[in-house]
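Just below is one structure, and these are the notes that go with it.
Note: hydrogens, waters and symmetry copies are ignored here, and every other heavy atom, side chains too, is used. Letters A, B, ... mirror the listed sequences (proteins, then strands); counts begin at 1.
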There are 2 protein chains.
Amino acid sequence: MSLIQTKSIAEQVEELLRGRIRDGTYVPGSRIPSESELSEEIGVSRATIRTVLAKLAVIGLILRKQGDGTYVNARVQKVSAHLGNIWDFACLIESNGFAPSIQAISRELRQATGKEALGLAIEPGDELLHLVRLFYADEKPVILANNVIPVSLICEPVDTVDGRLHIREILQNYCHQEIAFVITDIRSTLIEAGESVLLQKQPGDIILGLDVSFYSKNNVPLVLGSNYFDDTVLRLSLVQAWN
Amino acid sequence: MSLIQTKSIAEQVEELLRGRIRDGTYVPGSRIPSESELSEEIGVSRATIRTVLAKLAVIGLILRKQGDGTYVNARVQKVSAHLGNIWDFACLIESNGFAPSIQAISRELRQATGKEALGLAIEPGDELLHLVRLFYADEKPVILANNVIPVSLICEPVDTVDGRLHIREILQNYCHQEIAFVITDIRSTLIEAGESVLLQKQPGDIILGLDVSFYSKNNVPLVLGSNYFDDTVLRLSLVQAWN
DNA sequence: TAGTGGTCTAGACCACTTG
DNA sequence: AAGTGGTCTAGACCACTAC
(Lines give C-alpha, C1' and ligand atoms only; values in the text may rest on other atoms or scores of the structure.)
Protein backbone atom coordinates (compact mmCIF):
# COMPACT_ATOMS: atom_id res chain seq x y z
CA MET A 1 0.00 0.00 0.00
CA SER A 2 1.63 3.20 -1.18
CA LEU A 3 0.92 6.33 0.80
CA ILE A 4 1.90 8.58 -2.07
CA GLN A 5 -0.94 8.47 -4.57
CA THR A 6 0.26 9.94 -7.83
CA LYS A 7 -2.52 11.87 -9.48
CA SER A 8 -3.68 10.90 -12.93
CA ILE A 9 -2.63 13.00 -15.87
CA ALA A 10 -6.21 14.14 -16.34
CA GLU A 11 -6.41 15.32 -12.72
CA GLN A 12 -3.19 17.25 -13.09
CA VAL A 13 -4.42 18.88 -16.29
CA GLU A 14 -7.70 19.74 -14.57
CA GLU A 15 -5.89 21.47 -11.73
CA LEU A 16 -3.71 23.33 -14.19
CA LEU A 17 -6.68 24.63 -16.18
CA ARG A 18 -8.76 25.44 -13.09
CA GLY A 19 -5.79 27.39 -11.81
CA ARG A 20 -5.50 29.38 -15.01
CA ILE A 21 -9.22 30.19 -14.86
CA ARG A 22 -9.04 31.12 -11.18
CA ASP A 23 -6.01 33.39 -11.45
CA GLY A 24 -7.20 35.09 -14.62
CA THR A 25 -4.62 33.68 -17.02
CA TYR A 26 -7.71 32.76 -18.98
CA VAL A 27 -9.76 35.97 -18.85
CA PRO A 28 -13.45 35.49 -17.88
CA GLY A 29 -15.60 35.52 -20.99
CA SER A 30 -12.66 35.05 -23.32
CA ARG A 31 -11.74 32.13 -25.51
CA ILE A 32 -9.13 29.67 -24.28
CA PRO A 33 -6.66 27.84 -26.54
CA SER A 34 -8.06 25.08 -28.73
CA GLU A 35 -7.92 21.42 -27.77
CA SER A 36 -5.06 20.82 -30.20
CA GLU A 37 -3.05 23.72 -28.83
CA LEU A 38 -3.56 22.59 -25.23
CA SER A 39 -2.72 19.05 -26.22
CA GLU A 40 0.55 20.17 -27.76
CA GLU A 41 1.46 22.69 -25.07
CA ILE A 42 0.83 20.37 -22.11
CA GLY A 43 2.08 17.28 -23.90
CA VAL A 44 -0.91 14.99 -23.52
CA SER A 45 -3.29 13.55 -26.07
CA ARG A 46 -6.28 15.46 -27.27
CA ALA A 47 -8.54 12.80 -25.74
CA THR A 48 -7.20 13.57 -22.28
CA ILE A 49 -7.70 17.30 -22.81
CA ARG A 50 -11.24 16.55 -23.89
CA THR A 51 -12.13 14.52 -20.78
CA VAL A 52 -10.99 17.43 -18.63
CA LEU A 53 -12.82 20.07 -20.66
CA ALA A 54 -15.96 17.92 -20.63
CA LYS A 55 -15.82 17.82 -16.84
CA LEU A 56 -15.40 21.58 -16.56
CA ALA A 57 -18.26 22.08 -19.04
CA VAL A 58 -20.64 19.95 -16.98
CA ILE A 59 -20.22 22.22 -13.97
CA GLY A 60 -20.60 25.26 -16.20
CA LEU A 61 -17.09 26.63 -15.66
CA ILE A 62 -16.52 26.76 -19.42
CA LEU A 63 -18.83 27.01 -22.41
CA ARG A 64 -18.04 25.04 -25.55
CA LYS A 65 -19.11 26.12 -29.01
CA GLN A 66 -18.66 23.76 -31.90
CA GLY A 67 -16.87 25.34 -34.81
CA ASP A 68 -15.85 28.28 -32.66
CA GLY A 69 -14.02 27.54 -29.44
CA THR A 70 -14.14 27.15 -25.66
CA TYR A 71 -14.96 30.12 -23.45
CA VAL A 72 -14.53 30.86 -19.74
CA ASN A 73 -17.96 31.29 -18.13
CA ALA A 74 -17.67 34.53 -16.17
CA ARG A 75 -21.08 34.14 -14.56
CA VAL A 76 -20.60 30.82 -12.82
CA GLN A 77 -17.34 31.65 -11.09
CA LYS A 78 -18.94 33.94 -8.54
CA VAL A 79 -22.19 32.17 -7.96
CA SER A 80 -21.78 28.61 -7.49
CA ALA A 81 -21.96 25.69 -5.33
CA HIS A 82 -22.53 23.13 -7.96
CA LEU A 83 -23.94 19.68 -8.09
CA GLY A 84 -21.07 17.78 -6.58
CA ASN A 85 -21.12 20.00 -3.53
CA ILE A 86 -24.72 19.94 -2.43
CA TRP A 87 -24.01 17.85 0.61
CA ASP A 88 -20.49 19.15 1.22
CA PHE A 89 -21.49 21.88 3.61
CA ALA A 90 -18.05 23.34 4.31
CA CYS A 91 -17.50 23.68 0.59
CA LEU A 92 -20.92 25.22 0.18
CA ILE A 93 -20.29 27.80 2.88
CA GLU A 94 -16.98 28.68 1.29
CA SER A 95 -18.47 29.20 -2.15
CA ASN A 96 -20.99 31.56 -0.56
CA GLY A 97 -18.04 33.71 0.40
CA PHE A 98 -17.79 32.84 4.09
CA ALA A 99 -15.12 31.12 6.14
CA PRO A 100 -16.48 27.72 7.21
CA SER A 101 -15.94 26.06 10.57
CA ILE A 102 -17.46 23.06 12.30
CA GLN A 103 -18.38 22.55 15.92
CA ALA A 104 -19.09 19.08 17.26
CA ILE A 105 -22.15 19.48 19.49
CA SER A 106 -22.75 15.94 20.70
CA ARG A 107 -21.98 12.28 20.12
CA GLU A 108 -24.49 9.80 21.41
CA LEU A 109 -25.16 6.08 21.19
CA ARG A 110 -28.84 5.18 20.92
CA GLN A 111 -31.28 2.79 19.31
CA ALA A 112 -32.58 3.20 15.76
CA THR A 113 -36.16 4.33 15.26
CA GLY A 114 -38.31 2.46 12.76
CA LYS A 115 -37.77 5.12 10.12
CA GLU A 116 -34.02 5.13 10.61
CA ALA A 117 -33.89 1.34 10.48
CA LEU A 118 -35.75 1.42 7.17
CA GLY A 119 -33.37 3.96 5.70
CA LEU A 120 -30.27 2.15 6.91
CA ALA A 121 -31.52 -1.37 6.11
CA ILE A 122 -31.07 -2.49 9.73
CA GLU A 123 -33.50 -3.56 12.47
CA PRO A 124 -35.35 -1.08 14.72
CA GLY A 125 -33.51 -0.97 18.03
CA ASP A 126 -30.11 -1.65 16.49
CA GLU A 127 -27.46 0.61 17.89
CA LEU A 128 -26.61 3.90 16.18
CA LEU A 129 -23.99 6.59 16.58
CA HIS A 130 -25.79 9.93 16.43
CA LEU A 131 -23.57 12.92 15.69
CA VAL A 132 -24.76 16.51 15.99
CA ARG A 133 -22.62 19.13 14.34
CA LEU A 134 -23.00 22.84 13.76
CA PHE A 135 -21.55 24.59 10.72
CA TYR A 136 -20.58 28.24 10.97
CA ALA A 137 -20.18 30.81 8.21
CA ASP A 138 -17.92 33.55 9.54
CA GLU A 139 -18.83 32.76 13.18
CA LYS A 140 -22.55 32.67 12.39
CA PRO A 141 -24.28 29.28 12.76
CA VAL A 142 -25.95 28.35 9.48
CA ILE A 143 -26.35 24.58 9.25
CA LEU A 144 -27.32 22.10 11.93
CA ALA A 145 -26.37 18.58 10.88
CA ASN A 146 -27.66 15.35 12.41
CA ASN A 147 -25.98 12.18 11.21
CA VAL A 148 -26.64 8.61 12.25
CA ILE A 149 -24.31 5.69 11.51
CA PRO A 150 -25.01 2.06 12.37
CA VAL A 151 -22.54 1.04 15.08
CA SER A 152 -22.14 -2.26 13.25
CA LEU A 153 -20.25 -0.40 10.52
CA ILE A 154 -17.78 1.25 12.87
CA CYS A 155 -14.42 -0.55 13.15
CA GLU A 156 -12.70 1.81 15.59
CA PRO A 157 -13.63 2.69 19.20
CA VAL A 158 -16.69 4.92 19.01
CA ASP A 159 -15.37 7.55 21.39
CA THR A 160 -12.45 8.31 19.09
CA VAL A 161 -14.71 9.62 16.32
CA ASP A 162 -13.86 13.23 15.52
CA GLY A 163 -17.10 15.09 14.91
CA ARG A 164 -15.44 17.91 13.00
CA LEU A 165 -14.43 15.73 10.08
CA HIS A 166 -16.26 15.52 6.79
CA ILE A 167 -18.72 12.62 6.65
CA ARG A 168 -16.60 11.14 3.90
CA GLU A 169 -13.56 11.17 6.15
CA ILE A 170 -15.46 9.72 9.09
CA LEU A 171 -16.58 6.82 6.91
CA GLN A 172 -13.08 6.31 5.58
CA ASN A 173 -11.27 6.56 8.91
CA TYR A 174 -13.61 4.71 11.24
CA CYS A 175 -15.63 2.45 8.92
CA HIS A 176 -13.25 1.80 6.01
CA GLN A 177 -16.11 2.63 3.66
CA GLU A 178 -16.22 4.74 0.51
CA ILE A 179 -19.26 6.73 -0.59
CA ALA A 180 -20.49 5.71 -4.04
CA PHE A 181 -23.61 7.82 -4.36
CA VAL A 182 -25.88 10.13 -2.43
CA ILE A 183 -29.60 10.86 -2.47
CA THR A 184 -30.71 14.25 -1.15
CA ASP A 185 -34.29 15.28 -0.42
CA ILE A 186 -34.97 18.99 -0.11
CA ARG A 187 -37.91 20.19 1.97
CA SER A 188 -39.28 23.43 3.29
CA THR A 189 -39.83 23.13 7.02
CA LEU A 190 -40.43 24.89 10.32
CA ILE A 191 -37.61 24.89 12.80
CA GLU A 192 -38.36 23.31 16.16
CA ALA A 193 -37.56 24.72 19.58
CA GLY A 194 -34.62 22.38 20.18
CA GLU A 195 -32.85 23.28 16.99
CA SER A 196 -33.74 26.94 16.90
CA VAL A 197 -31.44 27.91 19.75
CA LEU A 198 -28.33 26.51 18.12
CA LEU A 199 -29.07 28.28 14.85
CA GLN A 200 -30.02 31.51 16.63
CA LYS A 201 -33.50 31.44 15.12
CA GLN A 202 -37.01 31.65 16.55
CA PRO A 203 -39.08 28.45 16.87
CA GLY A 204 -41.46 28.41 13.91
CA ASP A 205 -39.07 30.22 11.58
CA ILE A 206 -38.97 28.63 8.15
CA ILE A 207 -35.84 26.88 7.03
CA LEU A 208 -34.60 24.37 4.45
CA GLY A 209 -34.46 20.72 5.44
CA LEU A 210 -31.98 18.48 3.64
CA ASP A 211 -32.41 14.75 4.16
CA VAL A 212 -29.39 12.93 2.84
CA SER A 213 -28.62 9.22 2.42
CA PHE A 214 -25.11 7.99 1.66
CA TYR A 215 -24.57 4.61 0.02
CA SER A 216 -21.56 2.41 -0.73
CA LYS A 217 -20.77 0.78 -4.05
CA ASN A 218 -22.40 -2.37 -2.73
CA ASN A 219 -25.56 -0.35 -2.27
CA VAL A 220 -25.33 -0.54 1.51
CA PRO A 221 -26.75 2.53 3.31
CA LEU A 222 -23.91 4.05 5.32
CA VAL A 223 -25.26 7.22 6.91
CA LEU A 224 -28.48 9.18 7.16
CA GLY A 225 -28.30 12.94 7.48
CA SER A 226 -31.05 15.24 8.66
CA ASN A 227 -29.92 18.81 8.21
CA TYR A 228 -31.33 22.26 8.88
CA PHE A 229 -30.07 24.88 6.51
CA ASP A 230 -30.52 28.60 7.19
CA ASP A 231 -31.25 29.89 3.70
CA THR A 232 -31.59 33.48 4.85
CA VAL A 233 -27.81 33.60 5.23
CA LEU A 234 -26.63 30.97 2.77
CA ARG A 235 -27.76 30.50 -0.81
CA LEU A 236 -28.34 26.96 -1.98
CA SER A 237 -27.67 27.44 -5.65
CA LEU A 238 -27.05 24.81 -8.26
CA VAL A 239 -25.38 25.22 -11.61
CA GLN A 240 -26.15 22.75 -14.34
CA ALA A 241 -25.09 22.50 -17.94
CA TRP A 242 -27.56 21.67 -20.66
CA ASN A 243 -26.15 18.52 -22.28
CA MET B 1 -31.40 21.86 -43.03
CA SER B 2 -32.29 18.20 -42.59
CA LEU B 3 -35.38 17.37 -40.60
CA ILE B 4 -34.21 13.86 -39.89
CA GLN B 5 -31.52 14.06 -37.26
CA THR B 6 -29.69 10.75 -37.07
CA LYS B 7 -28.72 9.99 -33.49
CA SER B 8 -25.11 9.40 -32.60
CA ILE B 9 -23.93 5.87 -31.98
CA ALA B 10 -23.41 6.69 -28.32
CA GLU B 11 -27.00 7.92 -27.99
CA GLN B 12 -28.33 4.78 -29.59
CA VAL B 13 -26.24 2.61 -27.28
CA GLU B 14 -27.46 4.62 -24.30
CA GLU B 15 -31.09 4.05 -25.25
CA LEU B 16 -30.41 0.36 -25.76
CA LEU B 17 -28.82 -0.06 -22.33
CA ARG B 18 -31.40 2.13 -20.56
CA GLY B 19 -34.07 -0.03 -22.15
CA ARG B 20 -32.46 -3.21 -20.91
CA ILE B 21 -32.26 -1.78 -17.40
CA ARG B 22 -35.83 -0.55 -17.51
CA ASP B 23 -37.39 -3.75 -18.80
CA GLY B 24 -35.38 -5.99 -16.50
CA THR B 25 -33.17 -7.63 -19.10
CA TYR B 26 -30.43 -6.50 -16.76
CA VAL B 27 -31.75 -7.52 -13.35
CA PRO B 28 -31.60 -4.79 -10.65
CA GLY B 29 -28.58 -5.36 -8.43
CA SER B 30 -26.98 -7.81 -10.82
CA ARG B 31 -23.84 -7.49 -12.89
CA ILE B 32 -24.14 -6.53 -16.54
CA PRO B 33 -21.81 -7.76 -19.31
CA SER B 34 -18.30 -6.35 -19.34
CA GLU B 35 -17.24 -3.45 -21.54
CA SER B 36 -15.48 -5.80 -23.94
CA GLU B 37 -18.50 -8.06 -24.25
CA LEU B 38 -20.85 -5.12 -24.87
CA SER B 39 -18.37 -3.69 -27.34
CA GLU B 40 -18.32 -6.93 -29.27
CA GLU B 41 -22.03 -7.65 -29.04
CA ILE B 42 -23.19 -4.21 -30.13
CA GLY B 43 -20.38 -3.73 -32.59
CA VAL B 44 -18.91 -0.43 -31.38
CA SER B 45 -15.57 0.40 -29.85
CA ARG B 46 -14.96 0.01 -26.16
CA ALA B 47 -14.41 3.76 -25.90
CA THR B 48 -17.96 4.39 -27.04
CA ILE B 49 -19.33 1.86 -24.56
CA ARG B 50 -17.35 3.60 -21.86
CA THR B 51 -18.73 7.07 -22.60
CA VAL B 52 -22.24 5.69 -22.28
CA LEU B 53 -21.52 3.76 -19.07
CA ALA B 54 -19.83 6.84 -17.61
CA LYS B 55 -22.97 8.86 -18.26
CA LEU B 56 -25.20 6.27 -16.63
CA ALA B 57 -22.82 6.07 -13.66
CA VAL B 58 -22.97 9.83 -13.07
CA ILE B 59 -26.73 9.68 -12.58
CA GLY B 60 -26.33 6.65 -10.35
CA LEU B 61 -28.20 4.21 -12.63
CA ILE B 62 -25.25 1.83 -12.56
CA LEU B 63 -22.40 1.24 -10.11
CA ARG B 64 -18.94 0.48 -11.44
CA LYS B 65 -16.37 -1.56 -9.51
CA GLN B 66 -12.85 -1.73 -10.78
CA GLY B 67 -11.58 -5.28 -11.03
CA ASP B 68 -15.09 -6.63 -10.60
CA GLY B 69 -17.77 -5.35 -12.96
CA THR B 70 -20.70 -2.99 -13.54
CA TYR B 71 -23.90 -3.39 -11.54
CA VAL B 72 -27.45 -2.12 -11.97
CA ASN B 73 -28.36 0.21 -9.09
CA ALA B 74 -31.70 -1.06 -7.82
CA ARG B 75 -32.15 1.83 -5.39
CA VAL B 76 -31.99 4.73 -7.79
CA GLN B 77 -34.54 3.45 -10.26
CA LYS B 78 -37.49 4.08 -8.00
CA VAL B 79 -36.40 7.24 -6.29
CA SER B 80 -35.09 9.69 -8.62
CA ALA B 81 -35.37 12.90 -10.30
CA HIS B 82 -31.76 13.52 -10.88
CA LEU B 83 -29.61 16.49 -11.51
CA GLY B 84 -30.51 17.12 -15.11
CA ASN B 85 -34.17 17.32 -14.24
CA ILE B 86 -34.30 19.79 -11.42
CA TRP B 87 -35.91 22.47 -13.51
CA ASP B 88 -37.82 20.15 -15.82
CA PHE B 89 -40.99 20.13 -13.81
CA ALA B 90 -43.05 17.78 -15.98
CA CYS B 91 -40.24 15.25 -15.81
CA LEU B 92 -39.97 15.73 -12.06
CA ILE B 93 -43.68 15.15 -11.53
CA GLU B 94 -43.49 12.01 -13.63
CA SER B 95 -40.58 10.57 -11.70
CA ASN B 96 -42.58 11.13 -8.51
CA GLY B 97 -45.10 8.71 -9.95
CA PHE B 98 -47.78 11.16 -11.06
CA ALA B 99 -49.16 12.07 -14.45
CA PRO B 100 -48.03 15.61 -15.28
CA SER B 101 -50.10 18.25 -17.04
CA ILE B 102 -49.70 21.97 -17.59
CA GLN B 103 -52.28 24.74 -17.52
CA ALA B 104 -51.46 28.15 -18.96
CA ILE B 105 -52.88 30.65 -16.47
CA SER B 106 -51.95 33.98 -18.02
CA ARG B 107 -49.76 35.73 -20.56
CA GLU B 108 -49.04 39.37 -19.92
CA LEU B 109 -46.83 42.10 -21.35
CA ARG B 110 -45.37 44.41 -18.73
CA GLN B 111 -42.29 46.40 -17.78
CA ALA B 112 -39.27 44.88 -16.06
CA THR B 113 -38.67 45.68 -12.40
CA GLY B 114 -35.18 46.67 -11.31
CA LYS B 115 -34.46 43.21 -10.02
CA GLU B 116 -35.67 41.54 -13.20
CA ALA B 117 -33.65 43.94 -15.33
CA LEU B 118 -30.54 43.05 -13.36
CA GLY B 119 -31.11 39.33 -13.79
CA LEU B 120 -31.83 39.62 -17.50
CA ALA B 121 -29.12 42.19 -18.24
CA ILE B 122 -31.65 44.66 -19.66
CA GLU B 123 -32.89 48.10 -18.54
CA PRO B 124 -35.64 48.60 -15.94
CA GLY B 125 -38.84 49.35 -17.80
CA ASP B 126 -37.91 47.25 -20.81
CA GLU B 127 -40.80 45.14 -21.98
CA LEU B 128 -41.22 41.57 -20.71
CA LEU B 129 -43.48 38.66 -21.50
CA HIS B 130 -44.70 37.26 -18.20
CA LEU B 131 -46.07 33.71 -18.35
CA VAL B 132 -47.89 32.08 -15.46
CA ARG B 133 -48.32 28.33 -15.64
CA LEU B 134 -49.64 25.73 -13.26
CA PHE B 135 -48.31 22.18 -13.16
CA TYR B 136 -50.58 19.37 -12.03
CA ALA B 137 -49.68 15.97 -10.65
CA ASP B 138 -52.67 13.69 -11.23
CA GLU B 139 -55.11 16.65 -11.31
CA LYS B 140 -53.62 18.18 -8.16
CA PRO B 141 -51.83 21.54 -8.60
CA VAL B 142 -48.27 21.24 -7.30
CA ILE B 143 -46.06 23.84 -8.98
CA LEU B 144 -46.83 27.44 -9.83
CA ALA B 145 -44.36 28.76 -12.39
CA ASN B 146 -43.73 32.40 -13.24
CA ASN B 147 -41.44 33.02 -16.20
CA VAL B 148 -40.35 36.32 -17.69
CA ILE B 149 -38.73 36.69 -21.12
CA PRO B 150 -37.44 39.95 -22.59
CA VAL B 151 -39.69 40.82 -25.53
CA SER B 152 -36.56 41.86 -27.41
CA LEU B 153 -35.63 38.18 -27.67
CA ILE B 154 -38.94 37.07 -29.13
CA CYS B 155 -38.96 36.70 -32.92
CA GLU B 156 -42.56 35.57 -33.40
CA PRO B 157 -45.84 37.39 -32.59
CA VAL B 158 -46.17 37.36 -28.80
CA ASP B 159 -49.77 36.21 -28.79
CA THR B 160 -48.84 32.97 -30.55
CA VAL B 161 -46.75 31.75 -27.60
CA ASP B 162 -48.10 28.47 -26.28
CA GLY B 163 -47.87 28.54 -22.49
CA ARG B 164 -48.08 24.79 -22.15
CA LEU B 165 -44.74 24.16 -23.79
CA HIS B 166 -41.51 23.46 -21.98
CA ILE B 167 -39.40 26.58 -21.48
CA ARG B 168 -36.78 25.00 -23.70
CA GLU B 169 -39.31 24.65 -26.49
CA ILE B 170 -40.62 28.17 -26.05
CA LEU B 171 -37.08 29.51 -26.39
CA GLN B 172 -36.45 27.35 -29.43
CA ASN B 173 -39.73 28.06 -31.22
CA TYR B 174 -40.22 31.74 -30.52
CA CYS B 175 -36.73 33.04 -29.78
CA HIS B 176 -34.45 30.69 -31.77
CA GLN B 177 -32.33 30.32 -28.65
CA GLU B 178 -30.76 27.25 -27.05
CA ILE B 179 -30.22 26.88 -23.31
CA ALA B 180 -26.57 26.32 -22.40
CA PHE B 181 -26.74 26.32 -18.62
CA VAL B 182 -29.06 26.98 -15.72
CA ILE B 183 -28.62 28.37 -12.23
CA THR B 184 -31.22 27.39 -9.64
CA ASP B 185 -31.60 28.92 -6.19
CA ILE B 186 -33.61 26.94 -3.67
CA ARG B 187 -35.33 28.76 -0.82
CA SER B 188 -37.80 28.00 1.91
CA THR B 189 -40.64 30.48 1.74
CA LEU B 190 -44.15 31.40 2.80
CA ILE B 191 -46.82 31.30 0.14
CA GLU B 192 -48.65 34.55 -0.50
CA ALA B 193 -52.37 35.03 -0.82
CA GLY B 194 -52.30 35.45 -4.60
CA GLU B 195 -50.47 32.20 -5.20
CA SER B 196 -52.09 30.16 -2.46
CA VAL B 197 -55.45 29.88 -4.20
CA LEU B 198 -54.03 28.35 -7.35
CA LEU B 199 -52.06 25.78 -5.39
CA GLN B 200 -55.00 25.07 -3.07
CA LYS B 201 -52.97 26.08 -0.02
CA GLN B 202 -53.55 28.51 2.84
CA PRO B 203 -51.73 31.88 2.80
CA GLY B 204 -48.76 31.50 5.12
CA ASP B 205 -48.23 27.82 4.40
CA ILE B 206 -44.58 26.97 3.87
CA ILE B 207 -43.41 25.94 0.45
CA LEU B 208 -40.24 25.59 -1.63
CA GLY B 209 -39.23 28.51 -3.83
CA LEU B 210 -37.11 27.77 -6.88
CA ASP B 211 -35.54 30.77 -8.59
CA VAL B 212 -34.14 29.75 -11.94
CA SER B 213 -32.07 31.61 -14.52
CA PHE B 214 -31.55 30.24 -18.01
CA TYR B 215 -28.55 31.34 -20.08
CA SER B 216 -27.42 30.87 -23.69
CA LYS B 217 -23.97 29.76 -24.79
CA ASN B 218 -23.12 33.41 -25.29
CA ASN B 219 -23.90 33.94 -21.63
CA VAL B 220 -27.00 35.98 -22.40
CA PRO B 221 -29.77 35.63 -19.78
CA LEU B 222 -32.81 34.24 -21.57
CA VAL B 223 -35.47 33.66 -18.95
CA LEU B 224 -36.01 34.13 -15.23
CA GLY B 225 -38.23 31.69 -13.41
CA SER B 226 -39.84 32.18 -10.02
CA ASN B 227 -41.51 28.97 -8.99
CA TYR B 228 -43.53 27.74 -6.03
CA PHE B 229 -43.17 24.05 -5.39
CA ASP B 230 -45.53 22.15 -3.08
CA ASP B 231 -43.12 19.77 -1.37
CA THR B 232 -45.84 18.17 0.71
CA VAL B 233 -47.01 16.37 -2.42
CA LEU B 234 -43.87 16.21 -4.52
CA ARG B 235 -40.41 15.16 -3.40
CA LEU B 236 -37.50 17.20 -4.69
CA SER B 237 -34.82 14.54 -4.56
CA LEU B 238 -31.42 14.58 -6.17
CA VAL B 239 -29.18 11.64 -6.94
CA GLN B 240 -25.49 12.23 -7.29
CA ALA B 241 -22.58 9.90 -7.87
CA TRP B 242 -19.38 10.28 -5.90
CA ASN B 243 -16.66 10.77 -8.55
C1' DT C 1 -3.96 -15.71 -12.49
C1' DA C 2 -7.60 -14.21 -15.32
C1' DG C 3 -10.76 -10.80 -16.09
C1' DT C 4 -12.58 -6.34 -14.95
C1' DG C 5 -12.79 -1.40 -15.15
C1' DG C 6 -9.43 2.93 -15.40
C1' DT C 7 -6.24 5.62 -18.12
C1' DC C 8 -4.09 7.22 -22.13
C1' DT C 9 -2.59 7.49 -26.90
C1' DA C 10 -2.64 8.59 -32.07
C1' DG C 11 -5.22 9.22 -35.60
C1' DA C 12 -9.35 9.53 -38.55
C1' DC C 13 -13.44 11.75 -40.06
C1' DC C 14 -17.53 14.78 -39.37
C1' DA C 15 -20.35 19.09 -38.29
C1' DC C 16 -20.10 23.46 -37.51
C1' DT C 17 -18.71 28.48 -37.24
C1' DT C 18 -16.13 32.17 -38.66
C1' DG C 19 -13.70 35.03 -41.91
C1' DA D 1 -11.30 27.57 -46.80
C1' DA D 2 -9.42 27.04 -42.38
C1' DG D 3 -9.97 25.99 -37.81
C1' DT D 4 -12.87 24.51 -34.07
C1' DG D 5 -15.20 21.17 -31.23
C1' DG D 6 -17.85 16.40 -31.72
C1' DT D 7 -17.58 11.51 -32.59
C1' DC D 8 -15.46 7.18 -33.03
C1' DT D 9 -11.90 3.70 -33.53
C1' DA D 10 -8.13 0.26 -32.26
C1' DG D 11 -4.99 -0.73 -29.30
C1' DA D 12 -1.85 -0.42 -25.29
C1' DC D 13 -0.95 -0.64 -20.48
C1' DC D 14 -2.24 -0.26 -15.54
C1' DA D 15 -4.78 -1.12 -10.98
C1' DC D 16 -7.76 -3.70 -8.92
C1' DT D 17 -10.82 -7.73 -7.53
C1' DA D 18 -12.23 -12.23 -7.45
C1' DC D 19 -11.26 -17.05 -7.65
Round to the nearest Å and state the distance from [X] atom [atom1] to [N] atom [atom2].
| X | N | atom1 | atom2 | answer |
| --- | --- | --- | --- | --- |
| B:K7 | D:dC8 | NZ | P | 13 Å |
| B:E14 | D:dT7 | CD | C1' | 15 Å |
| A:E178 | D:dA15 | CD | P | 18 Å |
| A:Q66 | C:dT18 | CD | C1' | 13 Å |
| A:L63 | C:dT17 | CG | C1' | 16 Å |
| B:I49 | C:dT4 | CD1 | P | 14 Å |
| A:K55 | C:dC8 | NZ | C1' | 16 Å |
| A:K65 | D:dG3 | NZ | C1' | 15 Å |

- Item | Stretch residues 31-42 of chain A: residues that reach within less than 4.0 Å of DNA chain D through a heavy atom |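 Contacting residues: A:S34, A:E35.
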Picking from [options], which would you name as closest to the side chain of [X]?
| X | options | result |
| --- | --- | --- |
| B:R64 | C:dG5, D:dA18, C:dT17 | C:dG5 |
| B:V44 | D:dT9, D:dT17, D:dG6 | D:dT9 |
| B:S8 | D:dG6, D:dA10, D:dT7 | D:dT7 |

Partners meeting side-chain hydrogen bond (donor to acceptor under 3.5 Å, both in side chains) with [X] (sequence neighbours left out):
| X | value |
| --- | --- |
| B:R164 | B:D162 |
| A:T48 | A:S45 |
| A:N218 | B:K65 |

- Find which nucleotide of DNA chain C each of B:G67 and A:I9 is nearest to by heavy atoms, and output the residue with the more 5' nucleotide.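 Here B:G67 is the residue nearer the 5' end.
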- Message: Is the ring pair B:F89/B:F135 parallel, tilted or perpendicular, if the boundaries are 30 and 60 degrees?
- Response: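 Geometry flag for B:F135 against B:F89: perpendicular rings.
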- Base, sugar-phosphate, or nothing for A:T70, non-hydrogen atoms under 4.0 angstrom?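 It contacts sugar-phosphate atoms only.
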- Please report the C-alpha distance between A:E35 and A:R50 in whole Å, then the side-chain angles of each, then the deciding distance to 0.1 Å, and finally whether the salt bridge (Lys or Arg N to Asp or Glu O under 4.0 Å) criterion is met. CA-CA 7 Å; A:E35 298 179 350; A:R50 275 187 67 76; 2.8 Å; yes
- Item | A:D68 or A:R50, whichever maps to the more 5' nucleotide of DNA chain D |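 By nearest-heavy-atom nucleotide position, the 5'-most residue is A:D68.
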Considering only distance and modelled atom types, tabulate donor-acceptor pairs under 3.5 Å from the side chains of residues 146-159 of chain A, sequence neighbours left out.
residue: A:N146; atom: OD1; partner: A:H130; partner atom: NE2; Å: 3.1
residue: A:N146; atom: ND2; partner: A:S226; partner atom: O; Å: 3.3

- Who passes side-chain contact (heavy atoms from CB on, under 4.5 Å) against B:S34, sequence neighbours left out?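 By the side-chain contact (heavy atoms from CB on, under 4.5 Å) rule, B:S34 matches B:S36, B:E37.
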- Would you indicate, yes or no, if D:dA10 has its OP1 or OP2 atom less than 4.0 angstrom from a side-chain nitrogen or oxygen of B:R46?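 No, no such contact exists.
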